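The next block holds one structure in the form of structure tokens; read it before the comments.
Computed from a predicted model, the values in this text were never measured in an experiment. Atom set for the values below is all heavy atoms of this structure, side chains included, hydrogens, waters and symmetry mates excluded.
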Amino acid sequence: MAAERGERRLTTAEAAARLGVKPATLYAYVSRGLLGRERSSDGRTSTFDPAEIDRLARPGRARRGRRPTTDLVVPSALTAIAQGQPWYRGLAVTDLAATRTFEEVAEWLWTGQFPVPLAAAPWRAGEAALDAGRRAQAALPSTALPLERIRVIAAALAAGDELRLELRPAAVTAAARSLIAGLVDCLPHPGPPPAVGGSIAGRLWGGLSTLDPEPDLVGVLDAALVLLADHELAASTVAARVAASVRADPYAVVSAGLATVSGTLHGGASLGIEALLDEIDRPELSATVVGDRLRRGERLRGFGHRLYPDGDPRAGFLLARLRATAAGSPRMAVVDALLEATTRRGLPEPNVDLALAALAHVTAMTRGAAEAIFAVARTAGWIAHALEEYDRNTPIRPRAVYTGPAPGS
């Protein structure tokens, strides 16, 4: 296009200046599929088509990306999706999952600093809050899924915090620690009760698995929490940011995220994958079970991710950790047989939804555990995005592209 107009391609700085945004925002447009770019031969720089930049800058236009998604661009310093993986405040998520705990990464997202071990703030809810949360979720049917219990627990915890509308950063992060701890500690425990004051991963294990907490597997769960803590502007994060932009309290922000993450095209995608893995009694039946589902016209979830055409690095990391920790497990053999069968048929690489379902399957967790892990992890990210919105102090008010009858017709 640029050649047709006789105009050379724009550098990153020139393209950002023409749009009136920072380079980071420019690359956010790229990651959301709103803008194309060409990399230099050494991969260090990019150039942009001026015609495409001008269309993006045109006021009042109907923005059309390369995928059928709605365009909402929000400046954020939290997560970049670049070089084939997420980066939290400039640090690769897989490096963080290998070296840091969930609690440390949550603090990194919230404050840009890792906590000093001896001075780390406690992650626990008050006894009155725990009592309210436990009683609220206990009123649900025995068939209620963990995520359904978590949503009720969040509402109960909110009702007991009379200072929840104090939105200074220190108050929000204190509420966040208490909230995440409460979401985990109020779940019923199908197995042995977790150690008091233990890690969030260890306590979440107690609310999801019937097995004794084996340290290495709890470590895999902790890594999963890190990998899922944030993912730029996923649908649930948009909901959370919209709530925070109008000064909703942190509990309401998290409730908005929890309501959205339950969707089958979001965190709820793992529920069907759990059922698929449970249906495969023996590794040699994996292809048969998958074939039966395809014959019934069912969609096979858990494979491919539009942001990671070369494979979801979070899934690769988590599955590798799980294999190393659960070597020889019959349940892990089922997971590997499924992946072998889908690879032979040319399916895309597994995504993190499948990896979470595999973790829940191998560790004999209760039905719906994978989406609960997703929700607890992502709560840290929703709070980080809320902190940005509280500081921005401007309501998010998208405009519609009206397609109905002309007014007055």
Side-chain angles (χ1 to χ4, degrees), residues 66-69 84-85 143 145-148 208-211 217 220-221 223-224 227-228 231 234-235 261-375:
R66 296 173 185 170
R67 300 181 299 270
T69 57
Q85 74 164 314
T143 54
L145 296 173
L147 181 57
E148 294 166 337
L208 298 176
S209 179
T210 58
L211 302 180
L217 284 173
V220 179
L221 175 56
L227 294 168
L228 272 299
H231 202 227
V261 84
S262 64
T264 58
L265 297 183
H266 198 1
S270 59
L271 190 61
I273 308 169
E274 286 181 23
L276 172 64
L277 290 170
D278 287 341
E279 192 176 338
I280 303 173
D281 293 330
R282 302 188 306 278
E284 60 268 24
L285 296 179
S286 58
T288 301
V289 171
V290 170
D292 287 344
R293 289 197 167 212
L294 294 175
R295 277 189 289 274
R296 295 196 297 266
E298 297 180 20
R299 177 184 173 187
L300 195 60
R301 298 188 182 277
F303 297 91
H305 196 296
R306 63 192 182 198
L307 295 182
Y308 305 112
D310 297 324
D312 187 339
R314 301 167 300 170
F317 182 97
L318 194 56
L319 288 169
R321 281 283 298 269
L322 193 57
R323 285 191 190 96
T325 306
S329 162
R331 286 174 172 258
M332 190 69 227
V334 165
V335 173
D336 284 333
L338 171 64
L339 295 177
E340 182 180 347
T342 54
T343 299
R344 284 199 308 268
R345 295 309 301 266
L347 268 69
E349 293 292 317
N351 61 34
V352 78
D353 294 317
L354 188 141
L356 279 180
L359 172 61
H361 182 75
V362 170
T363 54
M365 289 185 176
T366 188
R367 177 172 173 265
E371 64 178 359
I373 296 168
F374 190 116

Any side-chain heavy atom of I373 sitting closer than 4.5 Å to one from L228? no
Centroid separation under 6.0 Å, is that true for the rings of H231 and H305? yes
Less than 4.5 Å apart, side chain to side chain, heavy atoms only: is that true for T366 and P146? yes
Does T342 reach the side chain of E349, with side-chain heavy atoms less than 4.5 Å apart? no
Scanning both residues in full, the closest heavy-atom pair of I273 with G302 reads CD1-CA, 3.5 Å
Give the minimum heavy-atom separation between V334 and R282, together with the two atoms involved. CG2-C, 4.3 Å
Separation of R331 CZ from D336 CG (nearest 0.5 Å): 14.5 Å
Enter the distance from S286:OG to R344:CZ here, rounded to the nearest 0.5 Å. 6.5 Å
Grab the two heavy atoms, one from Y308 and one from P313, that are nearest each other, plus how far apart they are. CD2-CD, 3.7 Å
Note, L322 side chain near L217 side chain (heavy atom, < 4.5 Å): yes
Are R299 and R301 packed together at the side-chain level, in the sense that at least one heavy-atom pair is separated by less than 4.5 angstrom? yes
Step by step, would you call L271 with L145 a side-chain contact (heavy atoms from CB on, under 4.5 Å)? CA-CA 10 Å; L271 190 61; L145 296 173; 3.9 Å; yes
Student check: side-chain heavy atoms of L354 and F303 closer than 4.5 Å: yes
Is the number of heavy atoms from other residues, nucleotides or ligands under 6.0 Å of R367 CZ greater than 12? no
Work out which heavy atom in L211 is nearest to a heavy atom in T363; give both atom names and the distance. CD1-O, 3.4 Å
Compare every heavy atom of H361 with every heavy atom of V335, then report the nearest pair and how far apart it is. CG2-CD2, 4.3 Å
For D353 and A269, indicate whether the former's side chain and the latter's backbone hold a donor-acceptor pair under 3.5 Å. no
Contact check, side chains of Q85 and R314, non-hydrogen atoms, under 4.5 Å: no
Would you mind reporting whether L300 and L276 have side-chain heavy atoms less than 4.5 Å apart? yes
Which heavy atom of A369 sits nearest to which heavy atom of E274, and what is that distance? N-OE2, 3.4 Å
Interatomic spacing from CG in L338 to CD in E279 - rounded to 0.5 Å: 11.0 Å
